[in-house]
Amino acid sequence: MKTKTKIKTLADYVDFPELDIMGRAVKFKEWTNNLDYNKHYNYKRVAMNASSPIRLVKDRYTGETREMIYFASNDYLNLANHPEVIEAGVRATRKYGAGAGSVPLLGGTTELHRELENKIAKFKGCEKSIIYSSGYGSNSSSLLSLLGEKDIAIVDMLAHASLIDGCKNTNVKYFKHNDMSSLEFVLSKVKNNFRTKLIVVDGVYSMDGDIAPLDKIKELAEQYGAYVMVDEAHATGVIGENGHGTPEHFNLSGKVDIVSGTFSKALGGVGGFVAASEELIDLLHFYSRGYIFSTALTPQVAGSMICSLNVIENDKKRREKLWSNIRYFKKNLIDLGLNIGNSETAIFPIIIGDDLITKEIARELHEMNIYVNPVLYPAVSKRLSRIRMSLMSEHTIEHIDKVLEALKYLVKKYNLT
Ligand SMILES: Cc1ncc(COP(=O)(O)O)c(C=O)c1O
């Protein structure tokens with residue numbers, strides 16, 4: 001069922017020529033009030049327990065604490081609440097304190113930070129790495145310092161905002177999402193005009209769960225003299241024989257020029273990294289402003305993330321369980337006739353294509369104690385508005401079946417197929 005609804009979106013509140021920032025903020029209240037009026041305010045839900053398949057959530061409208069099946073996490077391997085990962089963080093805090101106390105270059109580097117740098121570089125098959133206090137920072141800050149006006153970034157249209165924001169100092173051309181003819185077309189047009197050509201992609205796309213064809217991207221890069229940067233935020237720990245990510249998945253470990261990622265998804269923590277050649281990382285250490293001018297990760301996170309990497313290396317069953325959940329959920333979503341795009345990993349877009357129905361479905365799922373996120377225009381195009389669902393290794397078949405049962409009801413009610 002498609003409705004012709006004229007509803008206001010975030011894009012409608014970006015610019016008001018006559019209003020200053022305070023006026024614009026007051027005007028924006030109209031949007032949040034409207035969400036609240038319709039019980040569509042599904043943002044910043046307050047959790048009362050650790051990230052886990054069942055989330056205790058304080059309901060914005062009733063004040064009661066609800067037990068919800070949590071299908072909205074990037075903590076794919078449930079490491080955020082893993083006893084050894086927590087314990088490693090506690091030990092690190094006891095020894096090194098609650099904060100690093102300084103930026104990494106000027107006093108904030110402990111032996112744990114050094115160990116984490118070495119470990120993540122090795123995990124990614126690269127010579128060296130640099131660690132940032134967020135994944136957003138690792139992408140945006142590294143790109144901002146590497147690419148200037150004589151260079152060009154050739155970027156997948158659906159690349160993450162942190163990559164796109166990192167290209168603000170340079171020339172940018174976009175190619176159609178995962179479309180190799182489009183990439184080749186762009187590469188052929190920019191052939192020899194720029195000092196550096198850098199192809200920038202996500203390994204696994206955060207809103208679609210599909211995988212970049214890195215083997216073909218690499219071939220085209222070689223053919224046209226370009227470098228490749230891949231953001232491994234949603235791939236690390238999830239894909240590749242050993243969970244090492246997209247390069248491993250395509251047998252390209254150590255062969256991609258720049259590999260970035262976060263500790264905030266399957267590793268269950270926070271912070272980000274870039275791994276590459278020793279020379280490139282040394283350059284970033286002294287030119288990347290998000291690194292130089294920002295305090296190092298807390299010792300707790302560094303200690304916990306070392307432990308998360310050990311768990312990923314040693315406990316393959318977790319990844320196997322996640323993949324068994326992925327196969328089960330995917331098969332059943334397809335059987336229900338839902339449009340899940342080209343999802344191949346733990347992220348499932350349930351594409352609805354109508355903002356209002358998407359919000360209504362998110363509200364209904366919330367009321368059925370199922371925690372998911374609506375993704376609306378302008379985050380995705382209007383015809384692709386969706387419910388984003390994601391799986392964790394500790395989801396049981398019972399959790400998944402309850403979600404499928406709810407979806408079955410909604411498919412019928414909203415005529416979704
Ligand atoms: C693809 C991608 N890259 C980078 C980031 C930023 O990572 P973080 O949340 O660790 O800052 C995210 C997450 O939000 C992401 O989805």
Side-chain angles (χ1 to χ4, degrees), residues 43-44 47 51 72-77 79-80 85 116 120 124 129-144 153 155-168 174 177-178 198-212 214 217 228-240 245-247 249 256 258-275 288-291 294-298 300-302 304-305 308-309 341-349 372-375 379-380 386 388-392:
Y43 303 100
K44 292 186 74 173
S51 162
S73 181
N74 299 320
D75 178 22
Y76 303 114
L77 299 173
L79 294 184
V85 174
L116 181 59
I120 193 70
K124 290 292 177 186
S129 86
I130 176 171
I131 289 175
Y132 294 80
S133 47
S134 77
Y136 178 89
S138 63
N139 282 336
S140 56
S141 177
S142 60
L143 282 165
L144 285 169
V155 183
D156 187 289
M157 270 173 67
L158 298 189
H160 190 258
S162 53
L163 295 166
I164 291 168
D165 290 359
C167 294
K168 288 197 170 145
Y174 291 98
H177 176 54
N178 273 353
L198 179 65
I199 301 171
V200 179
V201 296
D202 289 12
V204 168
Y205 284 84
S206 58
M207 293 297 148
D208 291 83
D210 52 349
I211 302 174
L214 205 55
I217 291 171
V228 177
M229 174 168 179
V230 61
D231 172 9
E232 289 286 272
H234 297 273
T236 304
V238 175
I239 67 169
T246 320
H249 179 78
V256 176
I258 306 176
V259 178
S260 66
T262 77
F263 298 120
S264 63
K265 318 288 185 211
L267 276 78
V270 69
F273 63 88
V274 176
S288 180
R289 294 165 73 83
Y291 177 77
S294 186
T295 293
L297 278 190
T298 63
Q300 173 266 313
V301 172
S304 286
M305 294 306 94
S308 287
L309 287 169
N342 295 317
S343 167
E344 296 171 80
T345 62
I347 300 164
F348 290 90
V372 295
N373 284 314
V375 183
V380 291
R386 65 196 60 188
R388 180 187 186 274
M389 296 195 175
S390 49
L391 289 172
M392 298 191 276

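Throughout, residue positions are numbered sequentially from 1 according to the sequence presented. Just the heavy atoms: all of them, side chains too, but no hydrogens, waters or symmetry mates, feed the values below. Atoms within each ligand, like the ligands themselves, are counted from 1 in listed order.
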Point to revise | Gly135 N/O to ligand 1 N/O under 3.5 Å | key: yes

Study note, to complete from the structure: among protein heavy atoms, the one nearest atom 11 (O) of ligand 1 is Tyr136 N, 2.8 Å

Check your understanding: So, Tyr76 versus Thr345: side-chain donor-acceptor pair below 3.5 Å or not?
Key -> no

Review point. Of the protein's non-hydrogen atoms, which lies at the shortest distance from atom 16 (O) of ligand 1, and what is that distance?
Key: His234 NE2, 2.6 Å

Check your understanding: How close does the nearest protein non-hydrogen atom get to atom 5 (C) of ligand 1, and which residue and atom is it?
Key -> His160 CE1, 3.4 Å

Review point. What's the shortest distance from atom 13 (C) of ligand 1 to any protein heavy atom, and which residue and atom give it?
Key: Lys265 NZ, 2.4 Å

Practice item. Using a strict cut-off of 4.0 Å, indicate which atoms of ligand 1 neighbour a heavy atom of Ala233. Key: 1 (C), 2 (C), 3 (N), 15 (C)

Check your understanding: Under 4.0 Å from any heavy atom of Ser264, which atoms of ligand 1 are there?
Key -> 8 (P), 9 (O), 10 (O)

Check your understanding: Do Asp202 and ligand 1 have an N or O pair less than 3.5 Å apart?
Key -> no

Practice item. Check the angle between the aromatic planes of His177 and Tyr205 and answer parallel, tilted or perpendicular using the 30° and 60° thresholds. Key: perpendicular

**Study point:** Distance from atom 1 (C) of ligand 1 to nearest protein heavy atom, with residue and atom
**Key:** Asp231 OD2, 3.3 Å

Review point. Any idea which atoms of ligand 1 are less than 4.0 Å away from a heavy-atom of Ser206?
Key: 16 (O)

**Study point:** Under 3.5 Å: donor-acceptor pair, side chain of Ser141, backbone of Ser138
**Key:** no

Practice item. Please work out whether any backbone atom (N, CA, C, O) or any side-chain heavy atom from C-beta onward of Asn74 is under 4.0 Å from ligand 1, and answer side chain, backbone, both or neither. Key: neither

Review point. Which residue supplies the protein heavy atom nearest to atom 7 (O) of ligand 1, what is that atom called, and how far is it?
Key: Thr262 CG2, 3.1 Å

